[in-house]
Amino acid sequence: MDVDLLRPGTVPISKDTIMWFEFLLDPNILDSHLQKTKPDPSPTELISKFLTISADISVGKDILVLEPDSELEDKTKPSRRSQGLKILALKIAAFLKWDLETLELKLPFSIQWMLLQDLLHLVHEEVESTNLGKAPDHVLFAVSLYHRWALRAVFNNALHSKLRNGAGLEMQDDRFNRIEQEADQSVRILMDINRLLLGPQMVVPSSQTFVPLVEDGQNEKTPNWTLGTNIPSAEFFTMVLMDLATYLFYREDYTLALEYFEKSKREFEKWNGNTAALEGYCKTDMATIEGYITACQAPVMSSGLSLTDRFMISVNNHYEGILAILAEDNLKREVPVSMRESLELDIAAAISSGGFTATRDLIFQIQSLNTVYKRAADLPCLYDYCEKLVAARRGVEIFAWALKATLTDSRPDEREQLSLFVVELLENVDAGVQLELIGHEIVRQLSRDQTVLQSNIKAPVTQLFVPPDFNNIQLKNGELENQLINSNEPLHIKEIIIKLVEANAIRPVWQIENKWELGTPLHAIVLSIPSEMMQHYLYVLLGKAKYLDSLGRFEVARRLLVAAESEVTHHGGMMKLAQLIAWEILLVECHHLHAEWPNKTPGCTTVVSRCQDILQPSDMMVLPRVEVVETAAVTLLNLGDWETLVNQASDKRLVLCDLSASLAQACQDIVKYKGNKKISRGAWDLIVPVFVYGSSSGLGKRGLVHEAHQPLLQPVLRLCGQLRDWTVLSAAISLLARLHNILRDETTLELVCEHTALWPSVVSSTNSYNIQLVSEHLWQLVNSALEYYPKNISLHKLLGDYYYVGEHYSAAVKQYLLAAVIATDSFSRPLTKAVMEDYVYKRMIKCLSQLHCHTQAGVLCQFLEEVDYNTAFKSFTESVCHDCMDTYYDCIWDVNILEYLIYLQNKKGNKDRAKKAIDMIGLLELNANNNEEIKREAANKRKIRFMQALVRQYVL
């Protein structure tokens, strides 16, 4: 068995083994250890161990970006042991000559980040602010090293993502996201460093700089920046310029990248071969620099090919160089527009599906080039570019770049089109984006052009509309009718109708816009009004309000109805009409309440009392519409006023009211008996017959009879779509789930949710029910509930059960994992049995097995209260496996399973996998003699690691 030299306590331990704390106690050991030909443990392993053990390192600290003139906040000084470990880690990094390539290859991203942060904190202990022009050499080196590393991390991550077909990397965490967002800032800082005037030599921190701490040390100075190594300033600039230019090359900014590669070449020539440069801090060579320069200078493909041919070759080569081709085509106009549009859609689809990985801005860069091309050529654009510009990360910068790639003085008509486009954008974005746009010279030029242009064409454009001396009456009336259709202001509507009435040109308003419809009582009463002007005005207000209500514009609809009510009240003598309008206002408020649930809406405080008035029997002058009464009943059901619904008189005309009352009775029983007693079966008796196959018409199992045999079908569907209160939703969901379980009659495939046991357990003649219809409406109801309660754990588990029963195994695993994520706050808390029961794990195991992810299924067997060794062992022996197999071995904490894996892999001859299992079983935290707390902590850590891996695969 191999010995891990960095884990004291693993067995066997050689007498020559050096423990990590010995380096801390006797710093001289480190120097002699590093001088060995092949030190074991290696320098990078020591760095990783020292920084991991350092107890005062907080992985979640904010990144120290180090802008010029930035000030550090006071930080709590780390303990002496932690400080000593950090200095040892930096000493080793200096011994490696700060070789970023080695550090990136051998160290995890989090360890790289901690190492460079420690260096920056040590640098800033001596200075209050960082002014790059006056900064000493060690500060300049530390700042440049951090920002070089940041840019390398961004393009290395993109490169590795492409090689792994978009697979997530270890560095994908908050720290990397922050680094990626501030990449432009790192570019700016490195450019500023490149402009500095330095002497012929600069001092770079060496291993002697970092003096190790000793016990009870007095007046020790660490680090001692004067003990650094002198290197030529040209070598330092070469390193900075190479990493900066490489990042720009990755970003496809070839012009700027070429400029910095050429500067790097000149700096390289100054020091290459110089005896003062024998330390070899810069690892680049002339061949690499010239290769990059050639790549930047060379055309994308052979110049003998047409742009269309080069476009097609680029598409076949995973879109290599596609931006340069599109930018060139914006001037030459050879590639058909249809091919450019198809390219945009194909790349967007490939990125969203994970089949293609690209830079974050690629799709918006293509959209910008295509949009500018179309606007210049006066072609229609299929989407709102302004919205995409505001949402993009570097939207304004990319838009200005696309304009520069397209604009040419040889086409003044296109310049005019682009100037119109720029002005249009400036008018439709907020002030912040406007300032950012105006900050670009090309945008300012185009906007100034358009100011002159508008003054020249303003008069002719106005002449296209109705001038004062134009006497076409039909055109005037048509324009007024168009204004009437578009206006939503009561006073404006009234003015337009007065003009039409005075001109004796108004036709029946229902002929102006066929979407303005009124209910039966309102239509008859409004048309009976003798005043023609009043009749038209009220019809327009009420018809518009009903139409806007159907569009979800509730506040505008309510404003129109309130104006209509005020007009009727002002004239008097129309009490019936005023009452009907008041009910229409209530209807709109109920719709608004349901749409904004659970947020409060205007008028919601009086909704309950007004809904009660509609449902209470009284001597009404006119009956409300059925829709108003039914909506009032559903609103009371959602607002918890179940007593009113239960006590209302039954009306066979109002089927939905009876359904609401029966559900209200069920909710009352659930709350009253707290789920410990069977509830009223009124809702069961009303809803269950809806799903019976029709027989009276001879359709049998081929269809449903919606009229005679099943009069409740449509009301049930409408009611389910309007439920909002959680208690009501849970009662309706449990009813359908219970019916589904009864009809399927398979214990292993039951849907599990609360309150199912409170409903009857049998129905007569189960073969006469349409289980497919039950299943479809249950799915719709659960998804509707998730819209309003997206973090409800039981809903996600129920939806997982639904997919499991329907053999949609991947979707089932996703829902179970979502339940776990919500219950543990993204796994910041341990998974407990109260959160994920054994039946959930068993169903996940079955799903994973059906998906041929047998290693995942085997690992999940540990999560059960009693580990299912039979299933686990059988899973590990499967020959066809579609998961990462031994990658999950570090998620196993059960020693019996690990021992079986060692036996199995040795038997198969898989020595590498067997060794990995041996390494896992040799960990101290998995020792069988550990106390229960250590065992529990080891299990929880591995549980979370495994569940996070599953979430990345099935959810993200």
Side-chain angles (χ1 to χ4, degrees), residues 483-494 509-510 513-523 526 537-569 577-615 624-641 656-657 660 715 717-726 728-729 783-790:
Q483 293 179 19
L484 185 65
I485 293 172
N486 295 326
S487 178
N488 291 324
E489 293 298 327
L491 290 178
H492 189 213
I493 292 172
K494 192 171 187 178
V509 286
W510 52 88
E513 176 56 77
N514 57 11
K515 295 176 182 177
W516 298 343
E517 297 178 352
L518 305 185
T520 304
L522 272 175
H523 187 275
V526 169
Y537 180 48
L538 289 179
Y539 195 102
V540 171
L541 291 180
L542 297 175
K544 271 181 174 287
K546 186 175 177 62
Y547 175 61
L548 292 171
D549 178 41
S550 67
L551 296 178
R553 300 179 63 184
F554 306 110
E555 294 181 357
V556 181
R558 186 179 184 278
R559 187 168 70 245
L560 294 176
L561 289 172
V562 169
E565 185 181 35
S566 175
E567 187 76 17
V568 170
T569 305
L577 182 57
Q579 182 64 71
L580 288 173
I581 295 175
W583 286 334
E584 294 298 323
I585 294 174
L586 176 61
L587 179 65
V588 171
E589 290 177 354
C590 290
H591 289 165
H592 195 188
L593 179 69
H594 291 155
E596 296 294 327
W597 188 275
N599 299 324
K600 300 296 182 182
T601 57
C604 65
T605 54
T606 61
V607 165
V608 173
S609 60
R610 288 185 288 159
C611 289
Q612 290 173 345
D613 293 339
I614 287 183
L615 295 179
R625 292 194 296 122
V626 172
E627 181 186 0
V628 177
V629 179
E630 292 179 341
T631 304
V634 176
T635 303
L636 291 179
L637 182 64
N638 287 326
L639 294 177
D641 188 10
L656 195 141
C657 291
S660 300
L717 300 184
R718 291 206 311 274
L719 177 64
C720 290
Q722 298 179 58
L723 298 182
R724 299 291 184 271
D725 179 72
W726 171 242
V728 181
L729 278 168
N783 278 280
S784 175
L786 279 171
E787 291 183 16
Y788 304 102
Y789 303 95

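Any value given below was found using the heavy atoms of this structure, including those in side chains, with hydrogens, waters and symmetry copies removed.
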**Q.** Which atom of Ser660 lies closest to which atom of Val634, heavy atoms considered
**A.** OG-CG2, 3.9 Å
Q) Is there a donor-acceptor contact under 3.5 Å from the side chain of Ser550 to the main chain of Tyr547? A) yes
(Q) Do Leu538 and Leu577 have side chains that approach each other closer than 4.5 Å (heavy atoms only, starting at C-beta)? (A) yes
Q. Looking at side-chain heavy atoms only, is the closest gap between Glu630 and Arg718 below 4.5 Å?
A. yes
Q. Taking C-beta and beyond as the side chain, do Asp725 and Leu639 meet within less than 4.5 Å on heavy atoms?
A. no
(Q) Rounded to the nearest 0.5 Å, what separates atom CG in Leu656 from atom CG in Leu719? (A) 5.0 Å
Q | Candidate list Arg625, Arg558, Lys544, test salt bridge (Lys or Arg N to Asp or Glu O under 4.0 Å), partner Glu584, passing option | A | Arg625
Q. So which heavy atom on Ala545 is nearest to which on Ala557, and how close?
A. O-CB, 3.4 Å
Q.
So, taking the atom named CD1 in Ile493 and the one named CG in Asn488, what distance separates them when rounded to the nearest 0.5 Å?
A. 6.5 Å
Q. Are any side-chain N or O atoms of Tyr537 and backbone N or O atoms of Ala564, one a donor and one an acceptor, separated by less than 3.5 Å?
A. no
Q. Closest approach of Trp597 and Tyr788, non-hydrogen atoms and distance?
A. O-CD2, 3.6 Å
Q. Got a second to check how far Ser784's OG is from Gln722's CD, nearest 0.5 Å?
A. 10.5 Å
Q | Leu637 to Val728 - nearest heavy-atom pair and separation | A | O-CG2, 3.6 Å
Q) Which atom pair, heavy atoms only, marks the closest approach of Val556 to Leu548? A) CG1-CD1, 3.5 Å
Q. Could you give the distance from CG (Leu580) to CD (Glu565), rounded to the nearest 0.5 Å?
A. 11.0 Å
Q) Would you find more than 12 non-hydrogen atoms of other residues, nucleotides or ligands less than 6.0 Å from Leu551 atom CG? A) yes
Q. Could you give the distance from NE2 (His594) to OG1 (Thr635), rounded to the nearest 0.5 Å?
A. 3.5 Å
(Q) Let me confirm one number: the OG1-CG distance from Thr631 to Asn638, rounded to the nearest 0.5 Å. (A) 11.0 Å
Q: Work out which heavy atom in Glu589 is nearest to a heavy atom in Val607; give both atom names and the distance.
A: OE1-CG2, 3.9 Å
(Q) For a 4.5 angstrom cut-off between non-hydrogen side-chain atoms, does Asp549 reach Leu561? (A) no
